[in-house]
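Each chain gets a letter, A, B and so on, in the order its sequence line appears, and its residues count up from 1. Since we're looking at a predicted model, the values are computed, not measured.
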Protein chains: 2
Amino acid sequence: MQETLTRDGTVPLHTQIAEALRVQIQNDQFKENLPSERELAERYAVSRMTVRQALQKLRLEGLIYNERGVGTFVNNRKIDVHTRNLNGFSEEMISLGLRPSSLVLTFRRELAGPDVMRDLGLGAGAEVFYLERLRLADDEPMAFEKTYLPAYLFPKLDKFDLTKNSLYRVLGENYDSRMHHAEEVLEAAAAPKRIAEQLGVRGGAPVLVVHRVVFTESHQPIESAHTIYRADRYRATFYLSKNA
Amino acid sequence: MQETLTRDGTVPLHTQIAEALRVQIQNDQFKENLPSERELAERYAVSRMTVRQALQKLRLEGLIYNERGVGTFVNNRKIDVHTRNLNGFSEEMISLGLRPSSLVLTFRRELAGPDVMRDLGLGAGAEVFYLERLRLADDEPMAFEKTYLPAYLFPKLDKFDLTKNSLYRVLGENYDSRMHHAEEVLEAAAAPKRIAEQLGVRGGAPVLVVHRVVFTESHQPIESAHTIYRADRYRATFYLSKNA
DNA sequence: ACACCAGTTTGGTCTAGACCACTTTCAAAA
DNA sequence: TTTTGAAAGTGGTCTAGACCAAACTGGTGT
């Protein structure tokens, strides 16, 4: 059996192999154990190192794991909902089978405050877009989100309708600005009255606050966001690994 | 310049190189940009692929980043405290410059409940050690922790003094059971009265609840823990990356 | 039945190259 | 002086092997 890969150099082979394996894993094509690395190398007609690079990607996601001298296995532990991969709110809700929508409460250009300046690496006097949204999942309030974006990177951003479109899609398609990595700080808090009202919970109810700074591949910070989730509707799941 | 590596096969070369680089980075030996991969390969007398493997480790931690065609750079963004790597409470506090201690409130052998059975992959009727500890940092209450461990894996665990010793050190040194990866679920909650009293906060105060299941390298779950942190003293920081 | 041992298979590590795409540099040309 | 364009340097990808350690497999001898 010889699979077909695109070899025009547009997409790395290890990425293609990882995606192909991901699909097969999700379709339960391998009951539990994957073919050996050497067999996969032969099947895709690539070097074993390339196969290992593909497997590493999936391993880092916790999708598979290896046992030395035994083989590679699918991790059947049902990863809980709300796994935090590097997606926006819209994508995250969709992957949970929920319909995301947004209510734009505020959208204006303003002077960056000190915290935002630090997060986004801006100098004094720099301007940012400030976006305040109520995030809904199946029309139920899920989170209250404050987003700051450097104004100089996204001219005329206010021309877009962010009620329907994912912010990250707008940034990617119109400004060629794609998220590559992020830092997140999570803390628990009591909901302030104004936000509690928007979220439909009583004042002082516990909320999960996620501060996030998103970067492009070239290490440019493009967004600083504070998302305040209802504690009764949202949990964040992470997968931690000791080695690479 | 030729660095000295141990080549007896006990420690992989890429691990040694990663550690050596980590030290040099922390000592600001490289102002901002690291030597090129080819130069590091020559310096350590290894193949470039081995150097890349070492760099990948550091990259996944967010310690360095690469720019194609330019070089490798130190990430000078001061990662906030409380970064969640795969350490236990003791190690985490020490790395923050705090002195950890514990108050063992409960330590007994008991029947595993359904949630614990699921987390630890146990069958009905299996027994676990139940450990309830108040976690202190510089003698101030920081977290309340409930830990469950499979009894059959750790016979006579109750012989050890867990007030002074890190639980993970006991498991590693006495049972050769080392943490390799973990799943964590974070949520916000209001502190129940009993726990609030222990933590020294008022009842209903926001707390960050971290559910954690820890696995060994061979995918054996060895611990299920619920840690309830004071929201005013603890935040969790994560580094997310899109690709591997 | 059982213990042992040798071969096979597996993932883990490592080599010594290669070509590519991208960025920087800097000298030659306009 | 400015522009251009080639060269050099960088990380990204990939190859075709190699040896190792751990784990399984199956036969042999007790």
Donor-acceptor contact present, side-chain Asp119(B) to main-chain Ser224(B), <3.5 Å: no

Atom pair distance, as rounded to whole Å: CE in Met49(A) and P in dG12(D): 15 Å

Aromatic plane relationship, Tyr229(B) with Tyr234(B) - under 30° parallel, 30 to 60° tilted, over 60° perpendicular: parallel

Polar side-chain atom of Thr6(A) near backbone of Asp8(A) as donor-acceptor pair, under 3.5 Å: no

Of residues 65-73 of chain B, the positions that come close to DNA chain D - non-hydrogen atoms, cut-off under 4.0 Å: Asn66(B), Glu67(B), Arg68(B), Gly69(B), Val70(B), Gly71(B), Thr72(B)

Taking every non-hydrogen atom, the tightest pair across Pro155(B) and Tyr175(B): O-OH, 2.6 Å

His219(B) ring center within less than 6.0 Å of His181(B) ring center: yes

Any Ile64(A) side-chain heavy atom under 4.5 Å of Phe73(A) side chain: no

Which residue lies more 5' along DNA chain C, comparing Gly9(A) with Arg52(A) via nearest heavy atoms: Arg52(A)

N/O donor-acceptor pair under 3.5 Å between Ser47(B) side chain and Met49(B) backbone: yes

Gln56(B) CD to dG11(D) P, straight-line distance once rounded to whole Å: 14 Å

Span of DNA chain C in contact with chain B (heavy atoms, under 4.0 Å): dT13(C) to dT23(C)

N or O in side chain of Ser36(B) less than 4.0 angstrom from dT10(D) OP1/OP2: yes

Whole-Å gap separating C1' (dC19(D)) and CZ (Arg48(A)): 11 Å

First encountered from the 5' end of DNA chain D, between Thr50(A) and Arg38(A): Thr50(A)

Pair Phe107(B) + Phe129(B): ring centers closer than 6.0 Å: yes

